[in-house]
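A short worksheet on the structure shown next.
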Amino acid sequence: MAPSPTVDQATYWNDEGGRRWVANIERVERMLQPLSQRLLEAAAASPGERVIDVGCGGGVTSAALAQAVGAQGAVLGLDVSAVILDVARQRYGNVANLKFVLGDAANMPLSSKAYDLIASRFGVMFFPDPTAAFHHLRAALAPRGRLVFICWRALEQNPWMAIPTQAAFEVLPRPEPPAPHAPGPFAFADAERLRGLLESAGFSAIEITAVDESVALGSLDEAVQQMIRMGPAAAAFTAADKATQNEVVAAVERGLAPFVSAGRIRLQSATWLVQALTA
Ligand SMILES: C[S@@+](CC[C@H](N)C(=O)[O-])C[C@H]1O[C@@H](n2cnc3c(N)ncnc32)[C@H](O)[C@@H]1O
């Protein structure tokens, strides 16, 4: 979930990023479920529509979209990670109107003006040149085609991630902060910049809506395991020796413990729900 800005995205998602995502996929997808709901409602896919799911991951959103468009419609799940797409294919490979294709959504060949909707749940923040990537995606949309995606606001506005990350970096060496707007989960935190780059890519009727939802991190132990393996501290945690790792686990447990209620943790998340039309 937190690729290093110096690592090529395709490499990251086919290597450690992909392995981490797959290892935690059930837990993370459970956590993202209420946010999917918001995305799918806004996307409002209807029978017969042709849809692309960008950075489709394990395919759960693609499958929901495939159900919404029905037998007359079709969904194309795109992902740059072979290891993650394997999971999508294992799960949904037999869904007749759903196809998964490996490729970089920023520049892979796509039929021109062929799609009614491009949707994405946290799959569009990793483009090195977002304006060029959205320009490329827009060319695949039919006139009045919709772009609908959900992305994270700033780390500090996401306590579900900020609290365990802060705790982990009490023990681990803090890496250099990424360059502002570097590709990564928080690349679109600045809504005005995001609006500007979508405008530059040729989109109109751009709506960027704040969504504040609490998300379920499971038990304390589950939350700790997820956050040390997937957050901004994951790479430093993996590189640390066993004694340091034990200290990190203890620090993250202490950080999250005040939020346990009836054995479960819920914390706030902050995202942008983004909607736009081809001009
Ligand atoms: C945070 S995960 C989200 C996965 C999925 N949408 C979900 O919500 O479960 C980001 C996904 O985007 C994919 N991705 C990153 N950059 C991409 C690109 N340029 N083209 C296609 N997929 C990309 C990654 O491989 C990964 O599967």
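Start at 1 and go down the list; that is how both ligands and their atoms are numbered. Since we're looking at a predicted model, the values are computed, not measured. Just so it is clear, the values below take in all heavy atoms, side chains as well, and ignore hydrogens, waters and symmetry mates. We're numbering straight along the sequence, starting at 1.
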Distance under 4.0 Å to a non-hydrogen atom of [X]: what atoms of ligand 1 satisfy this?
{"X": "Gly57", "value": "4 (C), 5 (C), 27 (O)"}
{"X": "Cys56", "value": "5 (C), 6 (N)"}
{"X": "Asp104", "value": "18 (C), 19 (N), 20 (N)"}
{"X": "Phe122", "value": "1 (C), 2 (S), 3 (C), 10 (C)"}
{"X": "Gly103", "value": "20 (N), 21 (C)"}

Taking Ser200 for the side chain and Gly196 for the main chain, is one N or O donor matched with an acceptor at less than 3.5 Å?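 Checking the backbone N and O of Gly196 against the side chain of Ser200, a donor-acceptor pair under 3.5 Å is found.
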
Report the residues that fulfil side-chain contact (heavy atoms from CB on, under 4.5 Å) with His135, sequence neighbours left out, ordered by chain and then residue number.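 Per chain and number, His135 pairs via side-chain contact (heavy atoms from CB on, under 4.5 Å) with Arg138, Ala201.
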
Backbone or side chain, does any N or O of [X] fall under 3.5 Å from an N or O of ligand 1?
{"X": "Ala105", "result": "yes"}
{"X": "Asp79", "result": "yes"}
{"X": "Thr61", "result": "no"}
{"X": "Val80", "result": "yes"}
{"X": "Gly55", "result": "yes"}

Within residues 87-110 or reaching into it, pairs that qualify as side chain to side chain donor-acceptor pair (under 3.5 Å) - sequence neighbours excluded: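 Matches after skipping sequence neighbours: Glu29-Arg91.
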
For [Y], is there an ion pair with [X] - N to carboxylate O distance below 4.0 angstrom?
{"X": "Arg153", "Y": "Asp190", "result": "no"}
{"X": "Glu207", "Y": "Arg195", "result": "no"}
{"X": "Arg38", "Y": "Glu213", "result": "yes"}
{"X": "Arg20", "Y": "Glu16", "result": "yes"}

Would you kindly specify which portion of Gln9 sits under 4.0 Å from ligand 1, judged on non-hydrogen atoms: side chain, backbone, both or neither? neither

Check the orientation of Trp21 and Trp13. Use parallel for under 30°, tilted for 30 to 60°, and perpendicular for over 60°.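 Perpendicular: the ring planes of Trp21 and Trp13 meet at over 60°.
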
